[in-house]
Amino acid sequence: MESTPAAWSQADSYLADTLVGPDAELESALAAQREAGMPEIEVAPVSGKLLNLLVRISGARRVLEIGTLGGYSTIWLARAVGPEGRVVTIEAEADNAAIARRSIDAAGVGQLVDIRVGRGADVLPTLVGGFDLVFIDADKESNTVYLDWAARLGHSGTVIVLDNIGREGEIVRDDTTDSKVLGTRDGLRMLGEDPRFDATALQTVGVKGWDGFAIAVVV
Ligand code: DHB
Ligand code: MG
């Protein structure tokens, strides 16, 4: 098979069919966000499942998400925290948050999810810490601000997942002026240099093109 974006997507769909399967609640959440005209930038099904597994593998009970969008990844996270767990998720757009609220409630995990509407930089200082896992998936220009808050609101052992570290390979384009790519690089540099973090990254190809996650632990 030739390595093309279409082939990556086909193989990704095969993996999702084989390992994730149909899911009525998640499919309705996606339908609601498409209907509302949100960009199709939620995580892929296999990546949503990865988030769910990381919560379970790490035993995280208090999860923070920065960037709710329509609640797709929030549902994956909330399903993993257990009945005593909690997901706090921050969304800048009130319209998105309202749609996410409905989808999360319809998925049966509404009692586990606290949606805070506002810019991350405004909401994060109001939160009480103690988060065991932080998923950062918002405006890339603020990645270093979000990583700093993730460390402050976490503890030794907190897992941090940062989305979109590959950006179709643009992270190594020398002459880029794309603020999202520059923000992504700043976040990666911080993960590499700041002694509060120990990190690596995984590139992904699939239905969302060529991208990836950084995964870190708070030291
Ligand atoms: C963008 C943001 C995302 O979180 C994502 O997963 C893909 C793209 C973007 O803003 O371009
Ligand atoms: Mg993303």
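Just so you know, ligand 1 is whichever comes first in the structure, and atom 1 is the first atom listed for that ligand. Position 1 is the first residue of the sequence, and the numbers go up from there.
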* Aromatic rings W8 and W210: how do their planes relate, parallel, tilted or perpendicular, breaks at 30° and 60°? -> perpendicular

* With heavy atoms only and a cut-off of under 4.0 Å, state how K208 meets ligand 1: side chain, backbone, both or neither. => neither

* **Residue part near ligand 1, for R167, under 4.0 Å between non-hydrogen atoms** => side chain

* To do: Compute the angle centred on the Mg ion (ligand 2) spanning OD2 of D163 and OD1 of N164, and express it rounded to 10 degrees.
  => 90°

I need the nearest protein heavy-atom contact for [atom]: residue, atom name and distance, please.
| atom | result |
| --- | --- |
| atom 9 (C) of ligand 1 | K180 NZ, 3.2 Å |
| atom 2 (C) of ligand 1 | K140 CE, 3.5 Å |
| atom 7 (C) of ligand 1 | N164 ND2, 3.3 Å |
| atom 8 (C) of ligand 1 | I41 CG2, 3.6 Å |

* **Residues D186, K140; criterion salt bridge (Lys or Arg N to Asp or Glu O under 4.0 Å); working and verdict** => CA-CA 9 Å; D186 288 344; K140 312 311 166 194; over 6 Å; no

* Just by modelled atom types, is the V88 backbone N or O under 3.5 Å from a matching donor or acceptor in the R62 side chain? -> no

* Asked: In this structure, are over 12 heavy atoms from other groups packed under 6.0 Å from D175 atom CG?
  -> yes

* **Close N or O approach (A138, ligand 1; < 3.5 Å)** => no

* **Enumerated ligand 1 atoms positioned under 4.0 Å from heavy atoms of D163** => 6 (O)

* To do: Go through the steps to decide whether D178 and K180 satisfy the test salt bridge (Lys or Arg N to Asp or Glu O under 4.0 Å), and finish with yes or no.
  => CA-CA 5 Å; D178 181 336; K180 293 182 186 185; over 6 Å; no

* Any ion pair linking E42 and R34 (charged N to carboxylate O, less than 4.0 Å)? -> yes

* Looking at CD of E84 and CG of L112, how far apart are the two atoms once the value is rounded to the nearest 0.5 Å? -> 9.5 Å

* Looking at D137, which of its N, O or S atoms is the nearest one to the Mg ion (ligand 2)? -> OD1

